[in-house]
Structure formats: structure tokens, C-alpha cells
Amino acid sequence: SFTMNMYLFVYDLTQFCGHSWIFTNMIIRFMTFGKDSLADTFHSIGLVMRLCQLLSVLEILHILIGIDKSCLLPRFLQITERIIVLFVVINSQEEVQGKYVVCVLFFLWNLLDVVRYTYNMLARLGIYYLPLTWLNFSLCIPLYPLSVLAKGFAICVSLPYFESFGTYSIKLPFPFTFSIYFPYVLKMYLLVLFAGMCFIIRNLFSERTAHLGTGNIKKKRS
């Protein structure tokens, strides 16, 4: 319906503004302060980044109620990956927030999202530019694996701090003999992360073929 379409347009516009602000802020800070800007990237843009990622959870709801026709599982995996790495790994360990990998990760995320939400906004209006369509469905194929590598590296960097501080590790008192050592949970999640990457990359190639096939290109041109 028109109302739902406008709602999705406003949602995409909001996300576009948020991610554009983050992306522009990162570039300006780097051009002004150089490498010194990388260490405090999280403190400068972390709040807006967290708000944008929390807002992205709505995309799962959009698919579940049927107003977005995207595939649920790939989108769910991509969103949960970011939520876990951002809120559980980076946000909980102040020592990790100053690492360069956080800046790299934010750069990759926002580059992908600026393109994606620009494409989505125009698509809601029935506007399709072939270069933007190509960029949207092609850029994610090399950049998504790079972002997964950055997520994995961020998790590896955080492990010593989780081991030292015992963050999220739980040891139940007597008579229970059960405990959760969180660094082990993160190591197991690394396997899930890279297994999910293979599934998502295959889905990205399928989406690219579906949207950039010869028939679809001719249809959009006409």
C-alpha cells in the first residue's frame, strides 16, 4: 500500500541520513587528524552507530509481516552479526574500542549501508539507475567477506580482555556445577560467523543475478 511504501521510504531515509553522517564524519576526521582520528572513532560516532544498528532490527520485522520481500535468514544473520560484535564485543570492552579494527569495521559497514539505503529509497519511488543498481548488488560481494574478517579479528582482539575481566562469564553457585566461560562462547561463534558468511555470499550472488540479469536490466531501462 501507499502508506507502507512511504513508511519504508522514511525508514530508509532515516538510515541513510545516519550512516551518511557517520561515513562523512569518519572521512573528515581522518583528513583533518590523520591516524590520530582512528583511535577514538568509537567515542566520536559510536552512539549514532548503535542507534542505526538497533533501528536495523526493524528490517527483520518488515520481512516477517510481509512488507519487505527480502529473504529472512540472510538478513537476520547479517543484522545479528553486527549486533553481537558491536554491543557484546566492542561496546563492553573499552580497551577494544580504541583499536584500528573498529574504524575499519565501521568504514565497511557504512560504505555498504550508504549505497544500500540510497538504492532502497529510490526503489520505493520506482526509480532505478543502472549504475547504482550494479553498485548495490556488486559492492557487497567483496566488502561483506572483508567485514566478516574484520569482525573475526575484533573478536580475537577482545578475547584476552574477556579472559582477564571475566565479562559475561557465569559460574553458578553450589549445588549447581555449571559455568559459562564467555571466551569459549566467542570462539564457537567465530565458527558460526564464517559458516554463515558462506551462506550469505551465495545469497548475495543469487540476488545479483536476479537483479542484474539481462532481462531485468532491459525491463528497468524501459
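What you see below is based on every heavy atom in this structure, not just the backbone, and it leaves out hydrogens, waters and symmetry mates. Since we're looking at a predicted model, the values are computed, not measured.
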Please round to the nearest 0.5 Å and tell me the distance separating atom [atom1] of [X] and atom [atom2] of [Y].
X	Y	atom1	atom2	answer
Ser44	Leu38	OG	CG	10.5 Å
Gln78	Leu73	CD	CG	10.0 Å
Leu132	Thr118	CG	OG1	6.5 Å
Leu204	Phe137	CG	CZ	10.0 Å
Leu51	Ile45	CG	CD1	12.0 Å
Leu111	Leu143	CG	CG	5.5 Å

Is there side-chain contact between [X] and [Y], with heavy atoms separated by less than 4.5 Å?
X	Y	result
Phe153	Lys99	no
Arg82	Ser56	no
Tyr117	Asn120	yes
Leu125	Met121	no
Tyr128	Tyr119	yes
Asp113	Gln15	no
Val157	Gln93	no
Leu186	Leu190	no

Worked verdict on Asn110 versus Met49 for side chain to side chain contact (heavy atoms under 4.5 Å, CB included): CA-CA 9 Å; Asn110 286 281; Met49 192 72 199; 3.5 Å; yes
Could you tell me whether a side-chain N or O of [X] sits under 3.5 Å from a main-chain N or O of [Y], the two making a donor and an acceptor?
X	Y	result
Thr167	Phe162	no
Ser138	Leu135	no
Ser20	Cys17	no
Thr24	Trp21	no
Gln97	Asp40	no
Arg75	Cys71	no
Ser158	Ile155	yes
Thr32	Arg29	no

Member of Tyr189, Phe165, Tyr168 meeting the ring-ring contact (aromatic ring centres under 6.0 Å, His included) criterion with Phe182: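 Exactly one candidate clears the test, Tyr168.
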[atom1]/[X]: more than 12 non-hydrogen atoms of other groups inside 6.0 Å:
X	atom1	result
Tyr144	OH	yes
Glu94	CD	no
Phe194	CZ	yes

Check ion pair Glu207-Arg116 (N to O, under 4.0 angstrom): no
Quick check: is [Y] connected to [X] through a chain of hydrophobic side chains (ILVMFWY, heavy atoms under 4.5 Å apart)?
X	Y	answer
Val101	Leu146	yes
Ile83	Leu64	yes
Tyr100	Ile27	no
Val114	Ile28	no
Val148	Phe205	yes

Tyr11 side chain to Glu59 side chain, donor-acceptor N/O pair below 3.5 angstrom: yes
Check against side chain to side chain contact (heavy atoms under 4.5 Å, CB included), Ser37 and Thr41: CA-CA 6 Å; Ser37 67; Thr41 294; 5.6 Å; no
Identified side chain to side chain contact (heavy atoms under 4.5 Å, CB included) partner of Met197 from the options Ile201, Ile200, Leu193: Ile201
Closest non-hydrogen atom pair, Pro183 against Glu163: CG-CG, 3.5 Å
Pair Tyr7-His62, side-chain hydrogen bond (donor to acceptor under 3.5 Å, both in side chains): steps then yes or no: CA-CA 11 Å; Tyr7 160 75; His62 296 164; 2.7 Å; yes
Stepwise side chain to side chain contact (heavy atoms under 4.5 Å, CB included) check, Leu86 with Asn91: CA-CA 6 Å; Leu86 179 58; Asn91 190 62; 5.7 Å; no
Full working for side chain to side chain contact (heavy atoms under 4.5 Å, CB included) between Phe87 and Leu54: CA-CA 10 Å; Phe87 287 92; Leu54 284 175; 3.6 Å; yes
Parallel, tilted or perpendicular: rings of Tyr184 and Tyr181 (30°, 60°):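 Aromatic pair Tyr181/Tyr184 classed perpendicular.
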